[in-house]
Amino acid sequence: MLRYLAKRFLLILPTIFVPLIMVFLLLRLAPGDPAGMMLGDQATADQLAALRAELGLDQPLPVQFLLWLKGIFTLDLGNSIFFREPVMEVIPRYAGVTILLTLVALTLAIVIGVVMGVISALNRNNPVDRGVVTSAVLGISLPEFWFALLLIFLFSVTLRWFPVSGWTPPSAGLIAFGASIFLPALALGIRQSALMTRMMRSSMLDVMDEPYITTARAQGLPERKVIGSYAMRTASIPVLTVAGLAAGYMLGGAVAIEIVFALPGLGRMLVEAVARRDYPLVEGGVLTISLVLAVLNLVIDLLYAVLDPRIRYQ
Amino acid sequence: MSAPALLETKGLTKSFGNVKAVRDVDLSIPRGSTFGLVGESGSGKSTVARLVLRLIEPTSGEIRFGETDLRALKGDKLRRQRRKMQMIFQDPFGSLNLRMTVGETLTEPQSVHGLGRNDAERRARGEALLAEVGLPAAAMDRFPHEFSGGQRQRIAIARALATEPELIVADEPVSALDVSVQAQILNLMRDMQAEHGTTMLFISHDLRVVQYMCDQIAVMYLGEIMERGPRHRIYEMPQHPYTQALLSSVPGSPKEDGKRAKLKGEIPSAHSVPSGCAFRTRCPHAFDRCKVEVPVMHQLGEGQEAACHLLDR
Amino acid sequence: MRHSMTRLGTKAALLAGAAMIAGAAAAQEQGGTLTVGISQMPPQPDPVVTTFGINWMTAAVVCEGLFAVDNSWTPQPMLAESFEYSDDGTLLTITLRDGLTFQSGEPLTSADVVASLERFRAAAGIGASFAAVTESISAPDDMTVEIQLTGPTPIVPGLLAGTQAVIMSASSIGDASATEALSGLDCTGPYTLTDYRADQGVTLTRWEDYQPREEESSGEAGMKHAWADEIMLRLMPEPSVRRDSLVTGEIDVAMELPTDFYEQLESAPGVQPVIVANNQSLTAVFNTQEGVMADVNLRRAIYHALEMEPIMLASVGNPEFYEIDGSWIPDPNSFWYTTAGIDEFGQPDPAKVEEYLAASDYNGEPIRWLVASEQYQKHFLTAVTVAQQLGDYGINVEIQENPMANYIQMRADPTQMDAFSSFLPTYIDPTSIAYLNPTYPGFWTDPEKMELMAQLAETIDPDERKAIFEEVHALAYDQFPFIKYGTEANMYGVREGVEGYTTTAVGGYTFYNYAPPAE
Amino acid sequence: MTAADTQAEAREAIRAPRAPSFLQRFVRNPTAVLSFALLVAFALMAIFAPLIAPGDPMRVNPVVRFTPPGAEYFFGTDNLGRDVFRIVVHGSRTTLLVGLVVTVISMGLATILGLLSGFYRAVDVILMRFVDGLMAFPGIVLATAAAGFLGPAISTVIISLTIVLISPSLRVVRGQVLVVREAQMIEAARATGVPTGRIFRRYILPAVMSPILVQASFIFSAAVLGEAALSFIGVGIGPTDISWGNALTEARNYISQAPWIVIFPGLALMLTILALNLLGDSLRDLLDPRLARRR
Amino acid sequence: MSPLDMTAAPGAGTETKVVLEAENLGVALPIDGKYVPITTDVSFSVRRGEAVALVGESGCGKSMTASAIMGLPPRGAKVTGRLRINGRDVLDLSPKRRRALCGSEIGFIFQEPMTALHPTLRIGRQMTDTLCHNLGLSRSAAMTRAAELLDLVGIPRPKDILKGYVHQLSGGMRQRVMIALALSCDPSLVIADEPTTALDVTIQAQVLDLMEKMRREFDVAMLFITHDLEVVGDFCDRAVVMYAGDVVETATAAEVTRAPHHPYTRGLIDAVPGTGLERLVPIGGSVPQIGAWPEGCRFAPRCSRATEKCAIRPPLEGAPMPDVRCWHPLTEERT
């Protein structure tokens, strides 16, 4: 298992480098001056040049690239141009929010998806099922940032059940944290939960037709047990496999949600950092997201192995 | 055997990774005969079928088709050679292109091999083929899913006949069919073979079907041929313990001592073929020598051969 | 449009032993928490390292400079007790107030002032202007600072009234450069910085040992009340979020609201909009160095072709929030406010357009006009309305929209642009007006202007200076290196019960004078 | 004797009645018809936008700011006094254009590369590494970086969405090719001597065409959503062009005072995505040659 | 043996006790809103210690009948007629009580043990779930019992197997586990649905031997569902031949395999290649599609003996020959 883990982790590396290199090139070739963004409207040309030199932006591109590569391996991602702090210190502040948001949204999506999918499958073709299937199609078609706006309008502005926005870290109390993250997570998770509902439903329908379910029934096991521990056990495996994709989607989709709910997350930070041409920060952020995603996928792979003994990693 | 062999293999071997699916298979199929290859799952019989058709590349060994060295053929030459050798598959549903009409299915082999002068001629031939396999001409414009399993297998047979091949390899052609339909297809294939004089390599796990269809029979176990010979020798005086066990396991065969099972244990996996004689782990007569020495073929007369150390005694 | 203070405080003024024009309610006492929703936050509180004014907010509450600006944009002493120029006007001697300490407990001495000002001198923006006029800074004794000037100039107190020029203890500065941010602030202001999270907000706690000045509050100058026990600045980049949080009572003050929210805040219970009139000028700047716009007659033609009302309406939307006013200093309260050289501002004059166009070399070439994507309303909408109006005269504007990063880069390159949309706030001193700097994009280097600016820099008498500035102003209204469309107001919102908030463009961050609503 | 004999044996009729054509089945499927009709309606709206809602959609008219929906302004006006109806109608042009172009380019490339990749191992190994890399990374972030590079414009959105969406499409096509490649009909065709080119054309392409079509409709919907999301966060088409996502960027500040600014463009967006998703779903059912899908 | 034996009809002798009795059992499925009969009038009985074969080609309704007996017909199916298990009418039981019969009174052996055993649950867990639920054993007692059962069906190292998963076993082993599972709660009836079809011929022989042994040891009634008449002759006492949803002939296994009376049964025998090389006589055409049964005698369209009379559906009893649903039964003996 450990060897497998190590191998998987090494395999991640090339995967991560594709987006990193793309982003590096995109950014450095992009017009726009980080020094200008940093010093603002009234900086003189001399001051701009001095800052550029200080930031190493006057070096030729290949040199910058090599320095940056070297930085990755020495765990030194440089200093943020805007924050004037090491990227390694800036990123965690933002990454935590996004990761928590994604995890909560993912959990929400999986729970909603599994529950609704099972309910739907057990009521195959009756009004309950049709209701679930219809709302799932609607859910999949819901632009999450728009849905987020509607949620804010309904629950925060009109009903005042939740804070309008902003971030309350878990350290400030679980209830406050829950209240601040519920709507964003719901908005972020809604499409994925609809997808998972459909996936769970169809997977459940498939599994319910499997001979081993008939066996379980033929052994006299009560229906609750047949569904709860025999059918759902296998039916949820495909849901798990899409959880990795969903997590990736959410990490990206979090940008819009973070903007709408004013969460200090990585996605929003990246958009701002791109606007500010804060190269080291963008690159660090991309690296972080790729790593988080890779680790998440690894975890899902391992979970997959736990749930499905047919898959064994050597 | 006096008739010249149409298909001959020597030392045919195929490995997938470190799994030897087929080992040292020597076959000789006389022109115009039906040769049966029988064995349980994992015996490598289907792999042999694909090897002799060059659908997969052998690891080693020779394949001769008439005067042609099949292994020397490549690319377009090999493709053109295929006109002379066709295949019928187990699953008529999977082997037909569901998006092509029966007509297209039957004219395609002709057109790719340049048979027939024009489309009309090829279509006429297609209709004749359909009639031959017992389907109405109206079937030409239908799609495979509009037919029953038996009918689809008829279409597959018609397609195999379309290029007037010298050799047809049939891989479990009836095992997916109901008993009553199976008999139809077996009769059809026997008739076709009689009519066209086609040579046939017939692969099946069903000993009764093989007995019905084949003149020559080879019994395979774990990628090797255990015994081969003319039908009556194999069925009436099997010499290899495996053949004997196989025959007595067939339902409806007389039980001795109230038991059917001749063999203990399970078929070993192809990953761990036993040393010496591949069959020794299940053989009721196995002795020390079987563990270390691979038995050679013993000539037993009338072309019957078996690979067993017992025959040395 | 003019919203005056709702209530006048008396008791609080008595507490401080001085009169106040704007203050807290009669029953106001110290206590409570003031929560402010803010739109942006710098990564660190150090004001020296950034030229973006909005990022000075924290330091404006925590720190003080030698001078501070009053409501007429005139610098008044803050940490300084007094100051005087030498006879030749090249030496400025500043005496510090006695007995002041930093929040760390260290006493305020001239050494701290020298350290702070040396760092300020190396900073961009105003710091650069300061550096340009100073030879050296020295401390003859603990309470005295001497600034040796390069020549006679009156602008130093104005430059030192900015938040970038705040005085921090020398020990906290250490050897940090002007681009190296300090993580904390050790200053002399009424609040201490207790918590700073660049992604969330700031917590400021009242400093009990603060020693206020005794003059009445005016702008940033005078007495600082420090009503709230705690001031929390909460980062809320979305304006709608700040508004909604204000309405739901999560915050007491919502900074920087779009004027579109005005009616809504008016009608919402428990909150009210505050209009900061005369906040800034909306403008266009022309490339006077290269390209078609270098032609002064074309610039004149353009000015006379424009009708300002539709341009301002398109941009601002609500007529209550703008004034059609040509003064380059937008705030009429400012000493420097002038309309010299302007007649009939905002009205087109087709005859003059024809005349100047005929005099120009312009033949319908496209005018490359830069706007920043992030400034859709202020940049794009003004530009597009201008383009429409100019189109009637065959003047062909080609709007080029770019992200801010590219916009800043492109406008600095005289070969890449002919004009760009911009805006201009009120400055303490006209020499600070960025547009008048010859290296500022636009590159207005007219010799007459250069000469006038040099005089302005060296003249000390305020009235003489104003006369010179009016000449510059009139010159700009003849050569049109830039065009002003009008003056725009700003808006923020407060909850009912918040007292002492400012309504003037000067002193936008005087939260220490805001009294939180009673519990 | 044999022919007559086999005739007798096979005497049963050809089983099913003629299967209805794709078109017949399509027409009989209410979901397919409804979603298709909706898309056609949106397409017509885009094509005839200047006739349906004449005038410049970007024209600001501050005097009529925040007018609620009514006879003059069907969908009301926004904070700048722009006609929301006009914005919605004209916005469909951007949305559908981006969706269509992205779908055509990415599915076209994905099909070509997917076929190659499914058949040539070397191509496959390189391509899949690259695709894995792209997929290991949220598309929206990549698109943000690309937008920073290329500047806000429709072409930027098209390029970045194509880059982002080509990976999932390629995976689908390749997956299908790999499945089809293993199908026995391919072995049968090879055994018959059908040349490789013809196998591609007559066997593999038709077999992967259905999933490609289905995938295309989902890619279309993803592209529509992607354009809206990018424009919404401000890295899509710039504020000077019109799109539904763009319209929502500013509108989100006014949802409590003028909800119509948010509701109508969002609704149009959602209906388009819904129609595409439903079309994809029904295509998936309709294009299954076995017609045996339970659901 | 099972606690429900107490409810058995009084007076029934042990050796002749009827365990299963089906009377005009019919299953109909809803297709396009209409109930389509899949099987009709299926009547037969199985006694303790007896193996009865339900024979027929695919689509004849034999598996549907078996699922109806288990009480696990497909969704929406309508089951008609009468069904008695150990003397008790079970069709009227509530689903819950009906389910209670499964496992404890009826054991089930499926065709594909690979898919019939849960892929991601340990074998031990599956067996003990059954044992705990039906017999009220504790986990550890159930584990011991499960190991005993596995030992009984000839599985070496049962403890290890219990910790494993089905995919780790060979085909023959899987079917042994399946048999152990079916017998685990001491049922009085075991239904085996094509239990050897998926196995290789040598393994099939082993499994058949095992089933015979177990049948004796546990003294159960067995309903053996198969398409293979040869296996019937080998393994069963009596046979019920089904065609197109109907029982067409009921007789002893010997009679059915050697001297059948229904033309369909005869046709089946003739269609299988025997030791002789004479040409096979296939049944023409193919099995009608499920539910689309022909009017009258359902076999008539494929029958060489069909006459006009066959337009009327022959009864199982009262036709020319008892227990043969045919107007023109074969009377002569053929080898």
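Letters A, B, ... mirror the listed sequences (proteins, then strands); counts begin at 1.
Closest approach of E/Leu121 and A/Arg233 over heavy atoms only: CD2-NE, 3.3 Å. Counting all heavy atoms, side chain and backbone alike, A/Pro222 lies closest to E/His133 at CD-CE1, 3.2 Å. A/Ala218 and E/Cys102 make their closest contact through O-CB, 3.2 Å (heavy atoms, listed as atom of the first residue, atom of the second, distance). Shown here for E/Arg125 and A/Ser229, the closest heavy-atom pair between the two residues is NH2-OG, 3.7 Å.
Looking at E/His118, both its backbone and its side chain come within 4.5 Å of chain A, counting heavy atoms on both sides. Of the two parts of E/Gln126, the backbone and the side chain both hold a non-hydrogen atom closer than 4.5 Å to a non-hydrogen atom of chain A. Looking at E/Ile106, the atoms closer than 4.5 Å to chain A (heavy atoms on both sides) all sit in the backbone: N, CA, C or O. Neither the backbone nor the side chain of A/Val207 comes within contact range of chain E, judged by heavy atoms closer than 4.5 Å. A/Ile213 does not touch chain E: none of its heavy atoms, backbone or side chain, sits under 4.5 Å away. Proximity to chain A is limited to the side chain of E/Asn134, based on heavy atoms less than 4.5 angstrom apart. Looking at E/Ile191, there are no atoms closer than 4.5 Å to chain A (heavy atoms on both sides), in backbone or side chain. Within the 4.5 angstrom heavy-atom criterion, no atom of E/Met114 approaches chain A. Interface remark: E/Ser67 contributes no atoms to any contact with chain A (heavy atom separation under 4.5 Å).
Per-residue counts of heavy-atom pairs under 4.5 Å with chain E were compared for A/Lys225, A/Gln219, A/Glu223; the largest is that of A/Gln219. Interface summary for chain A: among E/Arg75, E/Met178, E/Met70, the most heavy-atom pairs under 4.5 angstrom belong to E/Arg75. Most heavy-atom pairs under 4.5 Å with chain A: of the set E/Gly164, E/Pro113, E/Ser184, E/Ala116, this distinction falls to E/Ala116.
Of the possible polar contacts, none joining the A/Glu210 side chain to the E/Thr115 backbone as a donor-acceptor pair under 3.5 Å is found. E/Arg99 places a side-chain N or O within donor-acceptor distance of the main-chain N or O of A/Leu221, the cut-off being under 3.5 Å. Listed for the A/Thr215 side chain is no donor-acceptor partner under 3.5 Å among the backbone atoms of E/Leu117.
When the shell of 6.0 Å around NZ of E/Lys159 is examined, it contains 12 or fewer heavy atoms from other residues, nucleotides or ligands. Within 6.0 Å of atom CZ in E/Arg139, more than 12 heavy atoms from other residues, nucleotides or ligands are found, so the atom counts as buried in its surroundings.
Proximity of A/Asp308 to E/Pro119: side-chain heavy atoms (C-beta onward) are nowhere separated by under 4.5 Å. The side-chain heavy atoms of A/Tyr230 and E/Asp129, taken from C-beta on, include a pair separated by under 4.5 Å.
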